[in-house]
Amino acid sequence: MEDMPSNCTSLRSVCFTGHRELPPVRSAAFRQLVADTETAIRRAFDRGARRFYCGGAEGFDLLAGKLVLLENERHLDIQLVLLLPYTGFGEAFTAQDRAELLRQKKVAEEVLYLSNHYFSGCMALRNRQLVEDADLCIAYLRRAPSGTAQTVSFAKEKGIEVEYV
C-alpha cells in the first residue's frame, strides 16, 4: 500500500515511531529532524489531531514527546499520551533520559501500561497498540529490520498514513 498524502483526511490521533539512536544533538541532521517533526506535529494538529501517542523509548520517542509538549504550550488541547510496555519501563535509561521520561509522565494527559512486568514481545505489543490507537504514524525510519520498521509495517497493514521525518 502506498503512503497517502498528508492532507487528504481529518485526523483524531497520531502515533510516533523511531529509532533509539539519533544524530548528534549539535548536528545539522538533528536540527533537521527536530524541524521536520515539529512540522509534522503542526500539520497533524491542523488536520484535527489532538491525541499524540508516544511509546516513551529513548531517542525519537522521547524527542517526539518533548516536541508535543512544546506544541501544547501554544495549543492547550494537544494531548500527549504515553503508552508504555510495562511498569518500570525506563529504569535502565541514562539519567538524562530517565529524567525526561519522568517529566513527560508527570505532564502527559494519560500514562498507560500494557503489562505489570517485562516479557518477551512486550515491545512489539506496545508498537502494535500505538498503531491501533492512531490515524497517522509519524516515523523516523532509517533502517530495517528494526522495531521502527515493524511498527511502520503494522501501520501499513492497518491502512493508516505514514509520514516520514
Side-chain angles (χ1 to χ4, degrees), residues 3-20 22 30-31 33-91 93 96-116 122-141 147-148 150-165:
D3 298 345
M4 298 163 66
S6 62
N7 61 357
C8 64
T9 59
S10 65
L11 305 170
R12 291 173 325 219
S13 57
V14 174
C15 72
F16 295 96
T17 187
H19 303 297
R20 289 189 168 97
L22 299 177
F30 182 80
R31 287 189 299 276
L33 174 61
V34 169
D36 291 348
T37 305
E38 288 173 331
T39 298
I41 291 168
R42 288 181 185 135
R43 208 171 14 239
F45 177 83
D46 289 345
R47 292 177 57 203
R50 296 299 181 263
R51 290 178 69 82
F52 291 78
Y53 290 90
C54 199
E58 294 168 293
F60 185 71
D61 283 5
L62 287 178
L63 174 64
K66 182 185 251 183
L67 295 176
V68 168
L69 292 173
L70 285 173
E71 195 63 24
N72 175 263
E73 293 174 9
R74 293 180 36 195
H75 302 288
L76 296 178
D77 52 343
I78 285 183
Q79 302 172 346
L80 175 65
V81 178
L82 292 175
L83 184 59
L84 305 178
Y86 59 92
T87 56
F89 179 74
E91 290 175 359
F93 288 6
Q96 181 179 350
D97 285 344
R98 266 193 326 270
E100 179 59 27
L101 180 59
L102 181 60
R103 183 184 79 81
Q104 290 184 23
K105 286 166 72 172
K106 286 181 180 177
V107 297
E109 182 72 19
E110 270 185 277
V111 180
L112 306 169
Y113 296 95
L114 296 179
S115 175
N116 289 327
C122 69
M123 301 302 181
L125 178 64
R126 184 267 323 265
N127 295 344
R128 188 172 290 281
Q129 190 62 51
L130 284 167
V131 168
E132 286 303 314
D133 292 335
D135 302 311
L136 169 71
C137 178
I138 297 174
Y140 173 64
L141 176 62
T148 300
Q150 179 188 55
T151 306
V152 167
S153 291
F154 292 155
K156 289 181 176 186
E157 287 170 16
K158 185 184 175 206
I160 69 170
E161 290 179 58
V162 177
E163 182 171 349
Y164 297 95
V165 295

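Just so it is clear, the values below take in all heavy atoms, side chains as well, and ignore hydrogens, waters and symmetry mates.
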Asks: Can you name the closest pair of heavy atoms from G90 and R98 and give their distance?
Replies: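 Where G90 meets R98 most closely, the heavy atoms are O-CG, 2.9 Å.
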Asks: Determine, step by step, whether F60 and T148 satisfy the side chain to side chain contact (heavy atoms under 4.5 Å, CB included) criterion, reporting the C-alpha distance in whole Å, the side-chain angles of both residues, the deciding distance to 0.1 Å, and the verdict.
Replies: CA-CA 10 Å; F60 185 71; T148 300; over 6 Å; no
Asks: What's the separation between atom CD in E91 and atom CG in L101, rounded to the nearest 0.5 Å?
Replies: 10.0 Å
Asks: Tell me the closest heavy-atom pair linking C15 and L130, and the distance in Å.
Replies: CB-O, 3.5 Å
Asks: Between E109 and R51, does the salt bridge (Lys or Arg N to Asp or Glu O under 4.0 Å) criterion hold? Intermediate values first, please.
Replies: CA-CA 9 Å; E109 182 72 19; R51 290 178 69 82; 5.5 Å; no
Asks: Is it the case that the side chain of R50 and the backbone of S13 share a donor-acceptor pair, with hydrogens and angles ignored and the cut-off at 3.5 Å?
Replies: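 No, because the side chain of R50 does not come within donor-acceptor range (under 3.5 Å) of the backbone of S13.
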Asks: How about V107 and L80: do any of their side-chain heavy atoms sit closer than 4.5 Å?
Replies: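 Of all side-chain heavy-atom pairs linking L80 with V107, none is under 4.5 Å.
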Asks: Between R128 and F154, what is the shortest heavy-atom contact and its length?
Replies: NH2-CE2, 2.7 Å
Asks: When you compare the side chain of L22 with that of L63, does any pair of heavy atoms fall below 4.5 Å?
Replies: yes
Asks: If only atom types and distance count, is the side chain of D135 paired as donor or acceptor with the main-chain N or O of L11 below 3.5 Å?
Replies: no
Asks: Between the side chain of S115 and the main-chain N/O of P85, is any donor-acceptor distance below 3.5 Å?
Replies: no
Asks: Could you grab the distance from atom CG of L69 to atom CD1 of I41, nearest 0.5 Å is fine?
Replies: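 One gets 9.5 Å once the value is rounded to the nearest 0.5 Å.
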Asks: If you measure from CZ on F52 to CG on L67, what distance do you get to the nearest 0.5 Å?
Replies: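 Rounded to the nearest 0.5 Å, the CZ-CG separation comes to 11.0 Å.
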Asks: Please determine whether side chain to side chain contact (heavy atoms under 4.5 Å, CB included) holds for the pair Y140 and D36, giving the CA-CA distance in whole Å, both sets of side-chain angles, and the decisive distance to 0.1 Å.
Replies: CA-CA 10 Å; Y140 173 64; D36 291 348; over 6 Å; no
Asks: Go through the steps for D133 and L83 under the test side chain to side chain contact (heavy atoms under 4.5 Å, CB included), then give the verdict.
Replies: CA-CA 10 Å; D133 292 335; L83 184 59; 4.3 Å; yes
Asks: Strictly distance-based, threshold 3.5 Å: is any side-chain N or O of D61 a donor or acceptor partner for the main-chain N or O of C54?
Replies: no
Asks: How long is the straight-line distance from NE2 of H75 back to CZ of F45, given to the nearest 0.5 Å?
Replies: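 Nearest 0.5 Å value for the CZ-NE2 distance: 4.5 Å.
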Asks: More than 12 foreign heavy atoms under 6.0 Å from CZ of R103: is that the case here?
Replies: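 Yes, because the 6.0 Å sphere around CZ of R103 holds more than 12 heavy atoms from other groups.
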Asks: State, yes or no, whether a side-chain contact exists between V34 and E38 at a heavy-atom distance under 4.5 Å.
Replies: yes
Asks: Please check this pair: side chain of K105 against backbone of G56, looking for a donor-acceptor N/O pair closer than 3.5 Å.
Replies: no
Asks: Run the numbers on E73 and L70 for side chain to side chain contact (heavy atoms under 4.5 Å, CB included), then give the verdict.
Replies: CA-CA 5 Å; E73 293 174 9; L70 285 173; 3.9 Å; yes
Asks: For residues M123 and Q150, determine if any side-chain heavy atom of one lies less than 4.5 Å from a side-chain heavy atom of the other.
Replies: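 SC-SC contact between M123 and Q150 ruled out.
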Asks: Examine the side chains of Q104 and E100 and answer whether a donor and an acceptor come within less than 3.5 Å of each other.
Replies: yes
Asks: Distance from T37 atom OG1 to R42 atom CZ, nearest 0.5 Å?
Replies: 11.0 Å
Asks: Can you name the nearest heavy-atom pair linking K158 to V131, along with the distance?
Replies: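 That would be NZ-O, 3.2 Å.
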Asks: If you take all heavy atoms of Y86 and C122, which pair is closest and at what distance?
Replies: CD2-SG, 3.8 Å
Asks: Out of curiosity, L141 CG to Y164 OH, how far, rounded to the nearest 0.5 Å?
Replies: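 Rounded to the nearest 0.5 Å, the CG-OH separation comes out at 6.0 Å.
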Asks: Give me the atom names and distance for the closest heavy-atom approach of G55 to F89.
Replies: O-CE2, 3.7 Å
